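Remarks on the structure that follows.
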Amino acid sequence: MNATAYNDCVRKLSDALYRFACKCTGNEESAKDVVQSSFETLWLKRADVPEEKAKAFLFQVAYNQSISAFRQTSRQVQQEQDVDYSSDAVHHGLKQALEAALSTLDAQSRALVLLKDYEGYSYAEIGQLTDLNESQVKVYLFRARKKLQAFIGKPENVL
Amino acid sequence: MVTIENYEEYLMMAADGELDGAEQIALNKFLRLHPSLAAEVEAWDTMRLQPDESVVYEAKESLLKKEPKRIAIGWKPIALAAAAVLATMLIAFPALMPDNNVRISGEVLIPKITIPAAKDTAVDYLAALPVPQPLVPGMNEQKKNRKKPVVARPKLVVAQVSVRTISPITPKPIESSIVAVVPSSLQLQSQPEPIAIAKATTDQQEAPIPENKLPRIRIAQANQPALDMLKEGMEQRVTQIASAARTIRNTDFIVQIGHSSIKLN
């Protein structure tokens, strides 16, 4: 991958990577660090990463760094204490309710849902990015979605 | 097989587009048998997170890179630099220049020396030697203008032969410079050791040569024909030089071996 291809990746993928990192880390500053570090890693490894694999490489790096950042800062506990995401809260629209419900998931489950819903990766592709096998991805995703369902109740009940 | 226990997994996989044809047919068949699950099917289909397109990474420009410039150096500058370094080294260290020693691989070349007859004097013998050419033009003319000192004890370099033998066992060649006389007892030596090689006097008396001044000849287990030729040629020279030396009096004989020399009194 040359500099031109790398710069194309920056223009095409930096927004999606940033949104993914924002949701995974729950913090914009951490997400910026993750994006910057991911692209820096891609630049250093550009000789070994073909252009068609650049997106998967970026999300793999971002996933690992987001999980690490999330666990180090233990923001999950803090957010659960600061924000009332109880199922009794009123959310205007299914989208807002899902965003709120997503914040209650652990970092790995959150990343799996985002990789599936945001980026449309298959279970097999998610397994490659997250170093899980396909069956594990399916099980973890099912548990995460059931938890989202339990949080928001029935979709038809959302205002 | 889709059952009431696992149908939710199938619903999720169907919403995620992960079912193959057979699994999708089995799920559809199951749902036709359970119409009450239609609402759940819709719930799984609609419960998808959508990215917020308004959230963008604003510092894209800081991530952009430029291809590092590569400085192409042609062969000409390198060749010129190498030539300059080599020339400087040769000027600064003349010892690096090729010497005049005869280097032989597999054969021996011995320079021809005219040995005067027994009745000739040392001065006659020296006159027969080739006159070295001056390194600087006009040097001889300058020398002519000088008053030549009387040569009372001329220096006589008898012979000089350089032999290079290449060992078939050891790839690194061992070089020896041998001058004058090699005794007939010369044998192949696997280990280098000093060998007395010269015996010449000016008054028919054999003057012993100190042990520590004897030159060292290193002859590896090497090319036997070359060594035989060396031995034969040297023995001939021994005879001639010894014969000449016995007739010359009041003259120093210097046997030179490489950079070492032995003065025979």
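Keep in mind it's a predicted model, so treat the numbers as computed, not measured. To find a chain, count down the sequence lines: A is the first, B the second, and so on, and within it residues start at 1.
Ion pairing of B:E9 with A:R145 is absent here, as no side-chain N (NZ or NE/NH1/NH2) approaches a carboxylate O to less than 4.0 Å. Checked for salt-bridge contact, A:K138 and B:D16 miss the test: no charged N lies under 4.0 Å from a carboxylate O.
Looking at B:E8, both its backbone and its side chain come within 4.5 Å of chain A, counting heavy atoms on both sides. Heavy atoms closer than 4.5 Å to chain B are found in the side chain of A:R46, but not in its backbone. Only the backbone of B:K66 comes within contact range of chain A, with heavy atoms under 4.5 Å apart. Contacts of A:E119 with chain B are absent, with no heavy-atom separation under 4.5 Å from either backbone or side chain. Only the side chain of A:F39 comes within less than 4.5 Å of a heavy atom of chain B; its backbone N, CA, C and O stay farther away. For chain A, the nearby parts of B:E53 are the backbone and the side chain; heavy atoms of each come within less than 4.5 Å.
The environment of A:D131 atom CG is sparse: at most 12 non-hydrogen atoms of other residues, nucleotides or ligands sit within 6.0 angstrom. The environment of CD in A:Q36 is sparse: at most 12 heavy-atom neighbours from other residues, nucleotides or ligands sit within 6.0 Å.
Side-chain contact between B:L63 and A:N7 is absent, with no heavy-atom pair separated by less than 4.5 Å.
Formation of a donor-acceptor pair under 3.5 Å by the A:D15 side chain with backbone atoms of B:V56 is not found in this model.
B:K60 and A:V10 get closest at one heavy-atom pair: O-CG1, 3.7 Å.
To the nearest 0.5 angstrom, A:Y118 atom OH is 8.5 Å from B:Q50 atom CD.
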